[in-house]
Amino acid sequence: MVGLKPPEVPPTAAMKFVSAGVAGCIADLCTFPLDTAKVRLQIQGEVRIPRSIGTVEYRGVLGTLSTMVRMEGPRSLYSGLVAGLQRQMSFASIRIGLYDSVKQLYTPKGAERTLPNIARNAIINCGELVTYDLIKDALLRAHLMTDNVPCHFVAAFGAGFCATVVASPVDVVKTRYMNAGPGQYRNVLSCFLALLMQDGLAGFYKGFIPSFLRLGSWNVVMFVSYEQLQRVAVLARPAQS
């Protein structure tokens, strides 16, 4: 058996909250350079105002990482890491740590299966959390795997792929818009249309491979860590008399 066994007593909401934040930080530490490479590839080729002539050209994930290390030093791969960790301790704790608790509010007691009827305010949350939940549930119900690390790995990998597919267009537009110079785009819609005219539909999936490598590996590290941290927290809890 790989990893800790599922606890007989489920973890509390507080345990899930803390475990999710710590797991998100662990995942960021492992995958942050891939996120940096993804952003560089997504904004590459953008028509800037004013135009610059000395733009560095990046080729592929490894090429982008090696170019950054050569020209900017190894620290450039982790530029903005502190802000990323702060975001995970707050954002991941809420959206992942409290997911099960919120889902139970929409699930009738004793029901073997009801899908959560929750309005999602972010596409990526739906792509990650719901897909992970569905894949894991399907594997367990079909008795293909047990509730342990291999099952969590497969479910997280699938969730990362689905999240990348549905979120990539939004992510590319967001990255372009946030990195644009003053006056380059009037609003998000103008950024969307400019990208469509310049690169076509393929432009919305620019940097897809590094996005998938980053999001897929982030999901695997985060969910595997999250599941195990919950079980550690339950084992560490003093037994009630």
Could you work out, with side chain to side chain contact (heavy atoms under 4.5 Å, CB included) as the rule, every residue matching S190, not counting sequence neighbours? Y185, R186, N187
Is the shortest distance from a Lys or Arg side-chain nitrogen in D171 or K206 to a carboxylate oxygen in the other one below 4.0 Å? no
Please check if the side chain of Y132 supplies one atom and the backbone of N219 the other of a donor-acceptor pair under 3.5 Å. no
Non-hydrogen side-chain atoms of S211 and T164 separated by less than 4.5 Å: yes
Considering only residues two or more places apart or on different chains, which pairs with a residue in residues 65-88 satisfy ring pair (Phe, Tyr, Trp, His ring centres under 6.0 Å)? none
Go through it in stages, so that I can follow the logic: the residues are F208 and V172, the test is side chain to side chain contact (heavy atoms under 4.5 Å, CB included), and I'd like the CA-CA distance, side-chain angles, deciding distance and then a yes or no. CA-CA 9 Å; F208 180 83; V172 172; over 6 Å; no
Residues which pass ring-ring contact (aromatic ring centres under 6.0 Å, His included) with F161, listed by chain and number, not counting sequence neighbours: F212
Run the side chain to side chain contact (heavy atoms under 4.5 Å, CB included) test against V232 and tell me which residues pass, sequence neighbours left out. L4
Salt bridge (Lys or Arg N to Asp or Glu O under 4.0 Å) pairs touching residues 216-225, sequence neighbours excluded, are none
Would you name the heavy atoms of G158 and T131 that are closest together and state the gap between them? O-CG2, 4.2 Å
Taking only Lys NZ, Arg NE, NH1 and NH2, and the carboxylate oxygens of Asp or Glu, determine whether R176 and D199 approach each other closer than 4.0 Å. yes
Does V173 have any side chain to side chain contact (heavy atoms under 4.5 Å, CB included) partners at least two apart in sequence or in another chain, and if so, which? V188, C191, F192, L195, F204
Looking at OG1 of T64 and CG of L77, how far apart are the two atoms once the value is rounded to the nearest 0.5 Å? 10.5 Å
Could you tell me which residues satisfy side chain to side chain contact (heavy atoms under 4.5 Å, CB included) with C151, sequence neighbours excluded, listed by chain and number? K136, L139, L140, M145
Is any side-chain heavy atom of L213 closer than 4.5 Å to a side-chain heavy atom of K38? no
According to the salt bridge (Lys or Arg N to Asp or Glu O under 4.0 Å) rule, which pairs have a member within residues 60-78, sequence neighbours left out? R40-E72
Is L144 atom CG crowded by more than 12 heavy atoms from other residues, nucleotides or ligands, each under 6.0 Å away? yes
Enumerate the salt bridge (Lys or Arg N to Asp or Glu O under 4.0 Å) contacts for residues 156-169, please, sequence neighbours excluded, ordered by first and then second residue. none
Pairing residues for D28 by the salt bridge (Lys or Arg N to Asp or Glu O under 4.0 Å) criterion, not counting sequence neighbours: R214
